[in-house]
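All values below come from the heavy atoms of this structure, side chains included, with hydrogens, waters and symmetry mates left out. The sequence lines fix the lettering, A, B, ..., with proteins before strands; numbering per chain opens at 1.
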Number of protein chains: 2
Amino acid sequence: MLPVHETQTCSVAACAEIVGSKWTVLLVHDLSEGPRRFTELEHSCVGISPRTLAERLRWLESEDIVVRRSYAESPPRVEYELTDKGAALLPLVAEMRRFGHEWLGCGPHEVNPPA
Amino acid sequence: MLPVHETQTCSVAACAEIVGSKWTVLLVHDLSEGPRRFTELEHSCVGISPRTLAERLRWLESEDIVVRRSYAESPPRVEYELTDKGAALLPLVAEMRRFGHEWLGCGPHEVNPPA
DNA sequence: CAGTATCCTCAAAGATACTG
DNA sequence: CAGTATCTTTGAGGATACTG
């Protein structure tokens with residue numbers, strides 16, 4: 001993550017901060033299909049540690065990209081969902097996917113492979 | 001930069017690697033208007049060190065995103081230019097700009113901010 | 001001009017263990 | 001289940017000085 005004054009030098013750089021950190025874009029894509037729970041995200045982001053996932057989610061929440069909804073049930077349930085701002089990132093993700101597919105030699109369906 | 005095996009897990013993640021490192025997107029955008037020389041890039045990327053700029057350019061070259069053209073003149077002249085693959089990143093940059101402009105509160109004309 | 005060569009900092013991210 | 005608490009690594013990126 002860049003220091004705040006750096007992020008504000010231009011809209012592209014600011015957006016790069018969101019898009020650049022390792023898991024954010026994957027999380028946004030994951031959440032594009034609906035609310036997800038902590039453990040679901042943990043499983044779809046193979047290799048992420050709970051510490052990192054929690055930190056990323058907290059950061060995404062602070063950026064108003066996801067909302068955290070906590071239900072006081074037993075067992076406890078927490079769900080994360082994209083905000084409008086988060087959903088506005090989806091065309092960008094799609095564009096990244098397109099570029100990756102077209103120029104980086106990896107197909108477009110790796111994130112959520114059909115079971 | 002992610003280790004290679006990580007970059008291949010999915011097209012989005014692979015693209016994130018390009019788009020995520022601090023200066024690449026700025027450089028690509030800079031080069032979108034035509035070939036640029038080392039010093040020109042150094043000046044437009046305010047704050048970048050020659051070490052980092054050289055490294056970034058070498059990396060972009062290795063990724064076939066830019067071409068380096070060296071002219072054996074005196075004084076020496078080197079120009080960097082986008083490849084087709086590099087140019088294919090421009091819609092992505094545009095999309096980042098759009099998002100940044102619309103949601104991150106920094107305009108698309110930072111070079112000439114409204115007085 | 002177009003870079004290298006060194007050295008250094010700092011924060012992102014991982015591993016592991018534990019908890020309300 | 002949904003995290004927190006520590007500790008550690010690692011490497012991107014910066015500062016500065018120098019060169020073909």
Side-chain angles (χ1 to χ4, degrees), chain A residues 1-7 9 13 16-27 30-31 35-63 65-81, chain B residues 1-7 9 13-14 16-28 30-31 35-63 65-81:
Chain A
M1 242 42 64
L2 305 173
V4 174
H5 71 279
E6 292 280 346
T7 73
T9 51
E17 183 186 12
I18 293 174
V19 131
S21 48
K22 189 166 181 186
W23 302 101
T24 47
V25 141
L26 258 27
L27 289 170
D30 244 52
L31 293 170
R36 289 285 181 272
R37 307 178 62 168
F38 192 89
T39 341
E40 292 178 306
L41 296 171
E42 204 173 359
H43 285 109
S44 55
C45 293
V46 180
I48 199 171
S49 67
R51 181 208 175 295
T52 302
L53 179 55
E55 187 196 19
R56 258 1 13 231
L57 287 171
R58 253 184 277 119
W59 184 76
L60 286 168
E61 203 190 347
S62 80
E63 289 289 318
I65 290 169
V66 310
V67 234
R68 191 190 115 114
R69 294 192 214 288
S70 171
Y71 304 93
E73 304 172 352
S74 176
R77 190 167 114 250
V78 176
E79 286 187 341
Y80 295 90
E81 195 175 359
Chain B
M1 242 43 67
L2 306 172
V4 175
H5 71 278
E6 292 281 347
T7 74
T9 50
E17 184 186 11
I18 293 174
V19 132
S21 49
K22 190 165 179 185
W23 301 100
T24 47
V25 141
L26 258 27
L27 289 170
V28 167
D30 244 52
L31 292 170
R36 290 285 182 272
R37 308 177 61 167
F38 192 90
T39 341
E40 292 179 306
L41 296 170
E42 204 173 359
H43 286 108
S44 56
C45 293
V46 181
I48 200 172
S49 67
R51 180 210 175 291
T52 302
L53 179 55
E55 187 197 19
R56 252 19 351 242
L57 287 170
R58 251 184 278 120
W59 184 76
L60 286 169
E61 204 190 346
S62 80
E63 289 289 318
I65 290 170
V66 310
V67 234
R68 191 190 115 114
R69 293 191 214 289
S70 170
Y71 303 93
E73 305 171 352
S74 175
R77 192 167 112 250
V78 175
E79 285 187 340
Y80 295 90
E81 196 175 359

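Between the P atom of C:dA13 and the CZ atom of A:R56 lies a distance of 5 Å, rounded to the nearest Å. Between B:E17 atom CD and C:dA13 atom P the separation is 13 Å, expressed in whole Å. In this entry the distance linking OH of B:Y80 with P of C:dA2 reads 8 Å, nearest Å. A straight line from CG of B:L53 to C1' of C:dG3 spans 9 Å, rounded to a whole angstrom. Straight-line distance from the CZ atom of B:R58 to the C1' atom of C:dG3: 9 Å, rounded to whole Å. In this structure, A:E61 places its CD atom 15 Å from P of D:dA2, rounding to the nearest Å.
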At a cut-off of 3.5 Å, list every protein nitrogen or oxygen paired with a nitrogen or oxygen from nucleotides 15-20 of chain C, distance to 0.1 Å.
none

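In the set C:dG3, C:dG14, D:dA2, D:dA2 carries the atom at the smallest distance from any side-chain atom of A:R37. Taking the side chain of B:V78 as heavy atoms from C-beta on, and the options C:dT4, D:dG3, C:dG3, the nearest nucleotide is C:dG3. Among the nucleotides D:dA2, D:dG13, C:dA2, the one closest to any side-chain atom of B:R77 is C:dA2.
For the helix from C:dC1-D:dG20 to C:dG20-D:dC1, the terminal axes (five pairs an end, C1' atoms, rotation from four pairs onto the next four) enclose an angle of 60°, given to 10 degrees.
For B:T52, a side-chain nitrogen or oxygen approaches OP1 or OP2 of D:dG14 to under 4.0 Å. OP1 or OP2 of C:dA13 has not a single side-chain nitrogen or oxygen of A:W59 nearer than 4.0 Å.
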